[in-house]
Amino acid sequence: MSFAKLTGNQRSKEILQRLLARGRINSTLIFAGPEGVGKRQFALTFAKAANCQKASADNYAADSCDECSVCRRIDSGVYSDVTVIQPDGQYIKIAQTRAMAEEVYSHPREGRQRFFIIDEADRLREEAANSLLKTLEEPPATSTITLLTSRPDALLMTIRSRAQRLNFTALSVAEMEKYLTENYPRPASDIALLARVTEGRIGQATAFDLSVYRQERRTLIEMLELLAGGENRFRLLKAAEYLGKKEREDFEKQLDLMASLLRDLFMLATGRNDDSIINIDVADRLTPLAQKVGLRRLMDWVEKLDDLRSNLRININRQVATEAALLAIGGSSR
Ligand SMILES: [Zn+2]
């Protein structure tokens, strides 16, 4: 994807294009920001623009053309002057940074500039980080090293001090909607939901299963509607049983989803109905529920959910804890 097509992180885009325009691309860069906001894509586009065949001999291209064989091969991950290094297992190991160090000092094989993109750079093992540090002391003009990380503070101070840092942020709802509409066309209600539920992280949006999400959400909304009525103890216990039987990780996901629904209900109860509502596609169903429950009870529910979460942290039986929480919530309505 070219800079023109990349959405969000405008400031980082401008900095990279300025480096290309000035021909000063041999610096070491740190791309810092949450997972899934496009750091890797920006690093690849930078590498494409620097090697794009459509550029003149004297200047780098301001953007990748995405059509020449170099751009296409970088996109496919088969261009010999662009290397992406990822953790081997849990860490980036010294063998990997040593192998990279040898490559950094050799001339580009086919293009103008070599690029080494270190993904999850905060997973450098200590000895690997020290070996990388030596490479960063005198990088040759024909190599650019980019470290991608969601935890920049976990990088050695000495590495940070040798690099230029670009901060990446999650996309706004409007940016996400634009990006999804252009690249993954689908019904507007799907795009609206996906843009919100993934919290501005493109990487998450492409792998997100909306139908599973909607199915799980439907079950939880039904449960909340039941709680709002404050009756039918039997069905509440059934619901607790259903939730309690889930595997721990799955169960925690359901609690996250429940928290996001409660948050939406809270917003709707205060009269807000804008981009801050995540489950915007079911706002019609949530609004009457929010009105029925009211602010005071919603606050109580949020508190009970927090209690449930901290109980689970100390490993109480999930089903028992959930029963207690749901009954307390159901009881609080009377
Ligand atoms: Zn090109």
Side-chain angles (χ1 to χ4, degrees), residues 1-33 36-86 99-100 103-121 139-149 163-169 171 175-176 178-185 201-203 205-207:
M1 205 168 280
S2 61
F3 282 126
K5 286 192 177 161
L6 283 170
T7 313
N9 289 295
Q10 193 58 33
R11 171 109 184 98
S12 295
K13 192 185 288 187
E14 283 164 12
I15 292 171
L16 293 173
Q17 291 196 293
R18 205 177 308 142
L19 290 175
L20 285 163
R22 290 182 185 161
R24 289 172 53 183
I25 60 171
N26 61 318
S27 39
T28 298
L29 301 167
I30 293 174
F31 289 5
V37 299
K39 300 188 296 293
R40 187 168 167 175
Q41 198 63 54
F42 271 71
L44 288 172
T45 301
F46 190 47
K48 283 191 287 181
N51 286 295
C52 180
Q53 289 177 322
K54 297 237 167 126
S56 71
D58 301 330
N59 299 304
Y60 294 113
D63 201 350
S64 63
C65 75
D66 284 1
E67 283 168 0
C68 72
S69 82
V70 170
C71 285
R72 291 220 303 262
R73 279 161 58 215
I74 292 176
D75 276 334
S76 320
V78 293
Y79 189 66
S80 64
D81 287 323
V82 175
T83 306
V84 178
I85 294 144
Q86 286 176 308
M100 187 190 106
E103 292 288 313
V104 165
Y105 288 100
S106 61
H107 275 286
R109 291 183 193 157
E110 45 184 331
R112 300 171 69 172
Q113 184 77 10
R114 302 199 74 169
F115 282 83
F116 299 88
I117 299 166
I118 306 182
D119 209 353
E120 298 190 70
T142 51
S143 286
T144 303
I145 299 167
T146 308
L147 293 91
L148 317 182
T149 178
Q164 181 178 358
R165 173 168 161 175
L166 275 64
N167 290 319
F168 285 72
T169 56
L171 276 64
E175 286 171 338
M176 274 296 276
K178 176 174 178 284
Y179 176 85
L180 292 171
T181 307
E182 283 168 4
N183 298 288
Y184 300 92
R201 291 171 298 173
I202 288 176
T206 50

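Start at 1 and go down the list; that is how both ligands and their atoms are numbered. As a basis for the values below, the full set of heavy atoms in this structure was taken, side chains included, without hydrogen atoms, waters or symmetry mates. All residue numbers refer to positions in the sequence shown, counting from 1.
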Any chance you could measure Lys39, atom NZ, to Leu44, atom CG, to the nearest 0.5 Å?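 One gets 12.5 Å once the value is rounded to the nearest 0.5 Å.
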
List in chain and number order the residues that pass salt bridge (Lys or Arg N to Asp or Glu O under 4.0 Å) with Glu110, two or more places apart in sequence or in another chain; answer none if no residue qualifies.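 Testing Glu110 for salt bridge (Lys or Arg N to Asp or Glu O under 4.0 Å), a comparison that skips the adjacent residues, returns Arg73.
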
How far apart are the C-alpha atoms of Arg114 and Arg109, what are their side-chain angles, what is the distance that settles it, and do they pass the side-chain contact (heavy atoms from CB on, under 4.5 Å) test? CA-CA 8 Å; Arg114 302 199 74 169; Arg109 291 183 193 157; 3.8 Å; yes

Would you please classify the geometry between the Phe31 ring and the Phe168 ring as parallel, tilted or perpendicular, with 30° and 60° separating the classes?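 Rings of Phe168 and Phe31: tilted, as their planes differ by 30° to 60°.
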
Relative to each other, are the rings of Phe115 and Phe46 parallel, tilted or perpendicular (30° and 60° limits)?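 Taking Phe46 first and then Phe115, their aromatic rings stand perpendicular (interplane angle over 60°).
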
Under 2.8 Å from the Zn ion (ligand 1), which protein atoms of type N, O or S occur, listed by chain and number?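 Listed by chain and number, the atoms are Cys52 SG, Cys65 SG, Cys68 SG, Cys71 SG.
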
Which residue in the set Thr28, Thr146, Ile30, Leu19 passes side chain to side chain contact (heavy atoms under 4.5 Å, CB included) when paired with Gln164?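 Between Gln164 and the candidates, side chain to side chain contact (heavy atoms under 4.5 Å, CB included) is satisfied uniquely by Leu19.
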
